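Read through the structure below, which is laid out as structure tokens, and then see the notes.
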Amino acid sequence: QVQLVESGGGLVHPGGSLRLSCPASACPFSIYVMAWYRQAPGKQRELVATITSGGTTTYGDSAKGRFTISRDNAKKTVYLQMNSLKPEDPAVYYCNAYLIVGSVHSWGQGMQVTVSS
């Protein structure tokens, strides 16, 4: 299991920005596909964005054009830059590390993001 600890969440006004960070204990970090998910109250957990070791990214519909996922393999950290935050973005955001071999997922403890005026 990979240890993941999210940081950078909190309260932001509509239209504002936040940058989430998630350092990982994974070794080697570069072999993991990293991702961000989110779960709002009463809703299923949904994929926000993924990034492969080579930097290929995919985004959920809610994130396209507003959020950017990135990773620093030397720092073993994945980031999520969230811009133009909307009232529908509040959720608990989770960092995820996925190892293709064995299909193993590791999760962070989750971090609240609140968007409110």
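Predicted model, so just to flag it, every value in this text is computed and none were measured.
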Task: Verdict with reasoning, V33 to I51, per side-chain contact (heavy atoms from CB on, under 4.5 Å) - done: CA-CA 6 Å; V33 177; I51 185 167; over 6 Å; no

Distance-only donor-acceptor hits, side chain of residues 10-23, under 3.5 Å, sequence neighbours excluded:
{"from": "H13", "atom 1": "ND1", "to": "S116", "atom 2": "O", "distance (Å)": "3.0"}
{"from": "S17", "atom 1": "OG", "to": "N83", "atom 2": "OD1", "distance (Å)": "2.9"}

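Annotation: salt bridge (charged side-chain N to carboxylate O under 4.0 Å, His left out) contacts involving residues 27-38, sequence neighbours excluded, comprise R38-E46, R38-D89. The stretch residues 76-86 participates, sequence neighbours left out, in no salt bridge (charged side-chain N to carboxylate O under 4.0 Å, His left out) pair at all. Among pairs with a residue in residues 15-48, those fulfilling ring-ring contact (aromatic ring centres under 6.0 Å, His included) read Y37-W107, at least two apart in sequence or across chains. Within the structure, ring-ring contact (aromatic ring centres under 6.0 Å, His included) pairs that include any residue of residues 61-105 comprise Y98-H105 (at least two apart or interchain). Within the structure, salt bridge (charged side-chain N to carboxylate O under 4.0 Å, His left out) contacts touching residues 106-115 (residues at least two apart or in different chains) do not occur.
Panel note: side chain Q3, backbone S25; no donor-acceptor pair is recorded below 3.5 Å.
Looking at every heavy atom in both residues, L85 comes nearest to M82 through CD2-CB, 3.9 Å. Nearest heavy-atom pair, L47 versus A35, reported as atom, atom and distance to 0.1 Å: CD1-CB, 4.2 Å. The two residues S106 and Q1 have their closest heavy-atom pair at OG-OE1, 3.0 Å. The nearest pair of heavy atoms linking V92 to Q112 is CG2-OE1, 3.5 Å.
At least one side-chain heavy atom of L4 sits less than 4.5 Å from a side-chain heavy atom of C95. Counting heavy atoms from C-beta on, the side chains of L80 and V48 come closer than 4.5 Å.
In this structure, the side-chain contact (heavy atoms from CB on, under 4.5 Å) partners of P28, at least two apart in sequence or on a different chain, are S30, I31. Judged as a side-chain hydrogen bond (donor to acceptor under 3.5 Å, both in side chains), and not counting sequence neighbours, T52 has no contacts. Judged as a side-chain hydrogen bond (donor to acceptor under 3.5 Å, both in side chains), and not counting sequence neighbours, the contacts of T58 are T50. Taking the side-chain hydrogen bond (donor to acceptor under 3.5 Å, both in side chains) definition, one finds that K43 meets it with nothing, sequence neighbours left out. With sequence neighbours left out, the side-chain hydrogen bond (donor to acceptor under 3.5 Å, both in side chains) criterion links T56 to no other residue.
Counting heavy-atom neighbours within 6.0 Å of Q44 CD, excluding the residue itself, gives a total of 12 or less.
V5 shares a hydrophobic cluster with no other residue; no ILVMFWY side chain has heavy atoms under 4.5 Å from its own.
Here the straight-line distance linking atom OG of S70 with atom CE of M34 works out to 11.0 Å at 0.5 Å rounding.
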